[in-house]
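Within every chain, numbering begins at 1; the chains are lettered A, B, ... in the order of the sequence lines, protein sequences first and strands thereafter. This structure is a prediction, so every number in the text was calculated from the model and none was measured.
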Amino acid sequence: MEEYPSKQVAENLDDPPNSRLFVVTSRSVTEDELRESFLAFGDIQGVWVVKDKQTKESKGIAYVKFAKSSQACLAMEDMHGKVLVEGTKPVKVFIAQSRSSTRHRDVEDEELTRIFVMIPKTFSEEDLKETFKEYGDIEYCVIIKNKTTGESKGLGYVRYYKPSQAALAIENCDKTYRAILAEPRTKNTAPDEYSGGAPRGDYMGGGDPVNSYAFPMAEPGNYQVMDYRSGDFTRCLMISTRAALSQEQIFALFDLIPGMEYCELQRDAYGMSKGHALIRYSNLGSAVYAKEKLNGFEYPPGNRLVVNFVDDGEDRSSPVGRMAMQLVAAQMMSAVWNGPSTSQVMKPPGFSAVSTMSRIQTDVNLPPMKKLAPPDSKAKERLFVVFSPSPLPMEVLEDVFCRFGSLIEVHLVPGRKVGYMKYADKQCADDAMAVLHGRVVNGVKMKVMLADPPREESHKRPRIY
DNA sequence: CGACGGGACGC
DNA sequence: CGACGGGACGC
C-alpha cells in the first residue's frame, strides 16, 4: 500500500493471513476517511482505494491492511454496516481474500471462527475448552478420537463465535498447541436421506445451541450500541446482511415488531440478497425498537444483521420536531434497556424457538421443526387445509406442518385457497390437525381437516394419493 | 541413540 | 454489486 516500499507490500499483503480487509463503501469515501474510520482497531499498514484506471474515480471498494489478523477481525466485526461518512451508504467489511486466491467469494465467518489445535492426548474436551476460553466465548470443542477405541488422537477443534476470538487464540496461545485456522469442513452434503421440498437451513432446527445466538441484548456491550444522542432517528431502517436472505425472511423478522408498513430487499445482480433491505415503520417508536432489538441479531446464526436509521424524507429540521423525535426515541430506548416491561411488544431475548422467530407468527405454540419424510414415502394420511383470506407460502407451510413429524410434502392447489399435506404417519397428521385447526399463522386462518380420498382413479381400495 | 515434529473431524 | 495499483530494493 502506498506508503510502503512496493515489494514489501506485495509480500505483506497476506502476512499474517487474514490481516487485510476488503471494504465496500460509497465511491465518495476517501482513503483518509477510511484510515480515520479504522484507526482505532490497530496498526494500519496501508489503505488503498481501488480506482478506475482511466477516470481515476473510486470504484467504491478499498483494502485496509492491519498488522494483525485480530485487529482486522475486530474492525470488521465492529464496522460492518456502519455509515463512515454522513450521507454515504453503510459499509460492508470482509476479510480480504488472499492475493493469490482467484476466488472472489466473500470470506465467511464460518471460515474464520474455528481453530485446529494439537493437544496432549490426555486432554478432555473440557480441558480444551478451559484452555481456550480465555480468547473468547466458545461455541463448542471437539477432540478427534479413534472411532473404535475412543482414544484421543491429540487433535482438537475449537469453534468461537467471532473471527476476532479465533484470531486472538491463534496469535496468543501457547505455541505448543500449534493453533491454526481449521479448514472448513468439506460440505459433505450427506446424501440427505430426507430430500423433499425447499432447502432448509440447519439453523432452523429447534435445537438449543441456536438459542445462544438469539439476541445480542443477552450479552450487553458485545455489539455496537446506538448513539441515542445523535438524534438521527427515522421511521426507516436500512438492513445490511452478508448472507443470502429472502425478502420474505426479512419481512417476517421485522414484522415481529408491530407497525411495519414497508419492506424491500434491495437485490443484487444475482437477484439474491447480499445487499441491503429497506424497512419502514408507521411510527418512530417501532423503528427505534426494531433497530435496538435486531441490530446485531444473528440470522441465520453467524450472519449478523446490521440495522441503521436512514433518512425517510421527513422534516426533522425543526427544533420542535427533532425534540419530539428524540423524546419518543429515548422512551423507547429506556423501555428496551429496562427489559421485562416490554415483553408485550415482543417476546424477551431467551424465548425458545429461533425458528419460530424467523418467519412464523402464530397464536399456537409450535413444536420444534422435524425432518421431512423421504419424498418417496408412502402417504398414510392427507390433510386438507383451507386458508383465509389467502394461502400461505409453501415454505411457511412446510415449516409449520413438518413439526409433527413424517411430513412428506405440501401441495397447494394453484389458484385456490386450499392445500394438501401428505404424511407418512397417521398419528403425525392427526397431531397436526389437532394442534393447527382453526389457528392463525402469519395472519392467515387455517381450517385443517382430513382430506377426502382423491376422486379420480378410484378402483379397488381407496388409494391414498 | 533416543524424542522431534506432526495435522483433519463433525455442532 | 463489489476483488486487487504504482513503482523500484539491494544484490
Nearest to the side chain of A/H104 - B/dA8, C/dG2, C/dA3?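 Of the options given, the side chain of A/H104 lies nearest C/dA3.
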Nucleotide nearest A/R99 (side chain, heavy atoms from C-beta), chosen from B/dC11, C/dC4, B/dG7: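 Of B/dC11, C/dC4, B/dG7, C/dC4 is nearest to the side chain of A/R99.
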Length of the line joining [X]:[atom1] and [N]:[atom2], which is rounded to integer Å:
| X | N | atom1 | atom2 | answer |
| --- | --- | --- | --- | --- |
| A/W48 | C/dG7 | CH2 | C1' | 13 Å |
| A/Q45 | C/dC4 | CD | C1' | 17 Å |
| A/E31 | C/dG5 | CD | P | 14 Å |
| A/I119 | B/dG7 | CD1 | P | 15 Å |
| A/L128 | B/dC11 | CG | P | 13 Å |
| A/Y177 | B/dG7 | OH | C1' | 16 Å |
| A/I180 | B/dC9 | CD1 | P | 13 Å |
| A/E108 | C/dG2 | CD | P | 18 Å |

With sugar-phosphate meaning primed atoms plus P, OP1 and OP2, does [X] contact a base, only sugar-phosphate, or nothing at under 4.0 Å between heavy atoms?
| X | result |
| --- | --- |
| A/R178 | base |
| A/K51 | nothing |
| A/V117 | base |
| A/V24 | base |
| A/R114 | base |

Please indicate yes or no: is the ring centre of A/F22 less than 5.5 Å from the centre of the six-membered base ring of C/dA3, with the two planes inclined by under 30 degrees?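 Check passed, A/F22 stacks on base of C/dA3.
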Centroid under 5.5 Å and tilt under 30°, A/Y63 to C/dC4: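 Yes, the aromatic ring of A/Y63 stacks with the base.
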A/R159 side chain to A/T113 side chain, donor-acceptor N/O pair below 3.5 angstrom: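 Yes.
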Any donor-acceptor N or O pair under 3.5 Å, side chains A/T30, A/D32: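 Distance-only check fails for A/T30 and A/D32.
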Rounded distance (nearest 0.5 Å) linking atom SG of A/C263 with atom CG of A/L253: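 If I round to the nearest 0.5 Å, the distance is 9.5 Å.
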Separation of A/C73 SG from A/K162 NZ (nearest 0.5 Å):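 One finds 11.0 Å between NZ of A/K162 and SG of A/C73.
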Of A/K121 and A/I144, whose nearest nucleotide on DNA chain B comes first from the 5' end?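 With A/K121 and A/I144 compared, the 5'-side residue is A/K121.
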Could you check A/Y140 against A/M118 and say which one's nearest nucleotide on DNA chain B is further toward the 5' end?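 It is A/M118, whose closest nucleotide lies nearer the 5' terminus.
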Strictly below 4.0 Å: does [X] bring a side-chain N or O up to OP1 or OP2 of [N]?
| X | N | answer |
| --- | --- | --- |
| A/K53 | C/dG5 | yes |
| A/R159 | B/dC9 | no |
| A/K92 | C/dA3 | no |

Relative to each other, are the rings of A/Y63 and A/W48 parallel, tilted or perpendicular (30° and 60° limits)?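 A/Y63 and A/W48: parallel rings.
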Aromatic plane relationship, A/F94 with A/H80 - under 30° parallel, 30 to 60° tilted, over 60° perpendicular: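 Taking A/F94 first and then A/H80, their aromatic rings stand perpendicular (interplane angle over 60°).
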Here's a test of your reading of the structure: between A/K56 and A/Q97, which maps to the more 5' nucleotide of DNA chain C?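 Counting from the 5' end, the first nearest nucleotide belongs to A/Q97.
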Under the 3.5 Å rule, do the base of C/dC4 and the side chain of A/R20 count as making a donor-acceptor pair?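 Looking at the base of C/dC4, it does pair with a donor or acceptor on the side chain of A/R20 (distance under 3.5 Å).
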